[in-house]
Amino acid sequence: MTTTTPAATTGRDGLVRAARQSAVRSAAGVAVRMIGTIAGWYWVIFAVVSVTIVVLMTRYGDGMEDAVLDSQMGGSSRWVVMVLGIIVPAAYLRLHLAAGGTRDTLVAGMLRGGLVGGLLIGLVTAVYLIGERALFDAVGQTWTRQFGPPADGWAGIGLTVLTEACVVATYFLVGAGVAAGFRRFGFVGGTLWTPVALVPAALVDLATHTGVTALLTGLERLPGGAGGVLLALGGGAVAVLLAAWLLRLLLRAVSLRPSL
């Protein structure tokens with residue numbers, strides 16, 4: 001009869017934790033690389049298009065009334081990230097499991113990667129907004145922004161970075177949840193599931209004063225000041241966790257072999 005010593009148990013538990021952490025890091029690395037690369041190129045293109053619009057509208061039109069980013073309701077990269085969420089986790093699932101990971105480590109990695117990628121995109125967004133405001137000043141236009149977290153100056157820039165991280169992570173996980181719904185329930189069930197999967201996206205839109213839900217609700221109806229800041233940070237965090245929970249719930253039941 002074999003007896004397991006406490007030291008052996010501790011060593012085995014340590015190996016399990018190390019393997020889990022390695023799997024989470026690998027999944028997070030995939031998410032960060034994809035978000036950083038694709039969304040980074042998107043922002044380069046968006047910045048070039050924005051400069052062109054401002055210059056042409058100033059020279060040949062009536063000028064600009066609002067920030068160019070407001071034409072995308074305060075956060076254009078969310079749609080790119082959502083598409084990445086639909087593609088990347090689904091494509092990586094089989095490889096992740098074959099490498100010794102689990103569905104839970106995949107969700108944890110995608111959550112971590114979404115947040116880190118979101119912080120990177122948040123920094124890019126803040127730099128873009130600073131540059132857009134400087135461009136408006138240079139061409140003699142008044143820069144105003146309707147969408148975005150309710151704070152001005154450097155505090156607003158910092159809050160933009162944090163809230164954009166929540167937006168990116170939420171939309172990335174929501175995209176993964178939409179794809180998982182179709183794999184789990186099929187076409188009809190996945191279509192019916194999609195509105196449920198989109199709930200965290202609607203919540204993060206409201207919390208951060210950006211996106212479709214904020215537009216439909218009306219920015220004037222959303223709280224400003226300290227209450228708005230708390231809503232942006234707290235609501236954004238809740239949206240991220242809700243999106244991760246929904247993805248984890250579905251991914252546990254997703255078959256690697258699609259049903260015929």
Side-chain angles (χ1 to χ4, degrees), residues 17-47 69 72 74-129 149 157-180 197 200-201 204 207-208 210-211 232-233 236-248 250-251 254:
R17 286 194 298 271
R20 184 181 186 281
Q21 292 171 359
S22 177
V24 171
R25 284 195 300 269
S26 296
V30 169
V32 172
R33 286 193 296 272
M34 293 303 298
I35 293 173
T37 301
I38 303 301
W41 274 110
Y42 171 83
W43 270 109
V44 170
I45 297 171
F46 186 85
L69 193 59
Q72 299 291 328
S76 52
S77 59
R78 69 187 66 208
W79 307 114
V80 177
V81 172
M82 186 174 179
V83 172
L84 290 176
I86 293 173
I87 297 172
V88 174
Y92 186 63
L93 174 60
R94 189 186 296 272
L95 179 61
H96 184 75
L97 296 179
T102 66
R103 296 166 194 261
D104 284 348
T105 58
L106 178 63
V107 174
M110 292 298 153
L111 171 60
R112 182 186 298 181
L115 287 171
V116 174
L119 286 172
L120 294 175
I121 299 304
L123 288 170
V124 172
T125 305
V127 171
Y128 168 84
L129 288 172
I157 293 173
L159 191 58
T160 294
V161 174
L162 295 177
T163 54
E164 190 68 11
C166 292
V167 169
V168 168
T170 299
Y171 270 77
F172 183 70
L173 294 170
V174 163
V178 169
V204 81
T208 59
T210 60
L233 295 175
V238 169
V240 173
L241 294 177
L242 178 59
W245 179 76
L246 289 174
L247 175 60
R248 183 172 180 267
L250 274 185
L251 208 57
V254 167

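These numbers come from a predicted model, not from an experiment.
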- Take Leu93 and Leu106 through the test side-chain contact (heavy atoms from CB on, under 4.5 Å) and record every step on the way to the result. CA-CA 7 Å; Leu93 174 60; Leu106 178 63; 3.5 Å; yes

Heavy-atom side-chain contact between [X] and [Y] under 4.5 Å:
X: Leu159; Y: Leu233; value: yes
X: Ser26; Y: Tyr92; value: yes
X: Val80; Y: Ile38; value: yes

Drop me the distance from [X]'s [atom1] to [Y]'s [atom2], to the nearest 0.5 angstrom.
X: Leu69; Y: Tyr128; atom1: CG; atom2: OH; result: 5.5 Å
X: Leu242; Y: Leu247; atom1: CG; atom2: CG; result: 11.0 Å
X: Leu84; Y: Met110; atom1: CG; atom2: CE; result: 11.0 Å
X: Thr208; Y: Leu162; atom1: OG1; atom2: CG; result: 12.0 Å

For residues [X] and [Y], report the shortest heavy-atom separation together with the two atoms involved.
X: Val32; Y: Gly117; value: CG2-N, 4.2 Å
X: Gly122; Y: Val161; value: O-CG2, 3.6 Å
X: Gly236; Y: Ala207; value: N-CB, 3.8 Å
X: Ala197; Y: Gly177; value: CB-C, 4.4 Å
X: Ala23; Y: Gly101; value: CB-CA, 4.0 Å
X: Val81; Y: Val168; value: CG1-O, 3.3 Å

- Item | Ile121 backbone acceptor or donor facing Thr125 side chain under 3.5 Å | yes

- Thr37 (side chain) donor-acceptor with Met34 (main chain) under 3.5 angstrom: no

- Decide yes or no on side-chain contact (heavy atoms from CB on, under 4.5 Å) for Met82 and Arg78, but give the supporting numbers first. CA-CA 6 Å; Met82 186 174 179; Arg78 69 187 66 208; over 6 Å; no

- Message: Any donor-acceptor pair under 3.5 Å linking the side-chain atoms of Glu164 with those of Ser77?
- Response: yes

- Message: Please tell me whether His96 and Thr105 have a donor and an acceptor in their side chains that are separated by less than 3.5 angstrom.
- Response: yes

- Message: side-chain contact (heavy atoms from CB on, under 4.5 Å), that's the test. Do Ile157 and Leu129 meet it? Break it down for me.
- Response: CA-CA 9 Å; Ile157 293 173; Leu129 288 172; over 6 Å; no

- Message: Please evaluate residues Leu111 and Val240 with respect to the criterion side-chain contact (heavy atoms from CB on, under 4.5 Å), reporting the C-alpha separation (whole Å), side-chain torsions for both, the decisive distance (0.1 Å), and the verdict.
- Response: CA-CA 8 Å; Leu111 171 60; Val240 173; 3.3 Å; yes

- Task: Could you check Thr102, Asp104, Val107, Leu246 and say which one makes a side chain to side chain contact (heavy atoms under 4.5 Å, CB included) with Leu251?
- Result: Val107

- Message: Using 30° and 60° as the class boundaries, would you call the ring planes of Trp79 and Tyr171 parallel, tilted or perpendicular?
- Response: perpendicular

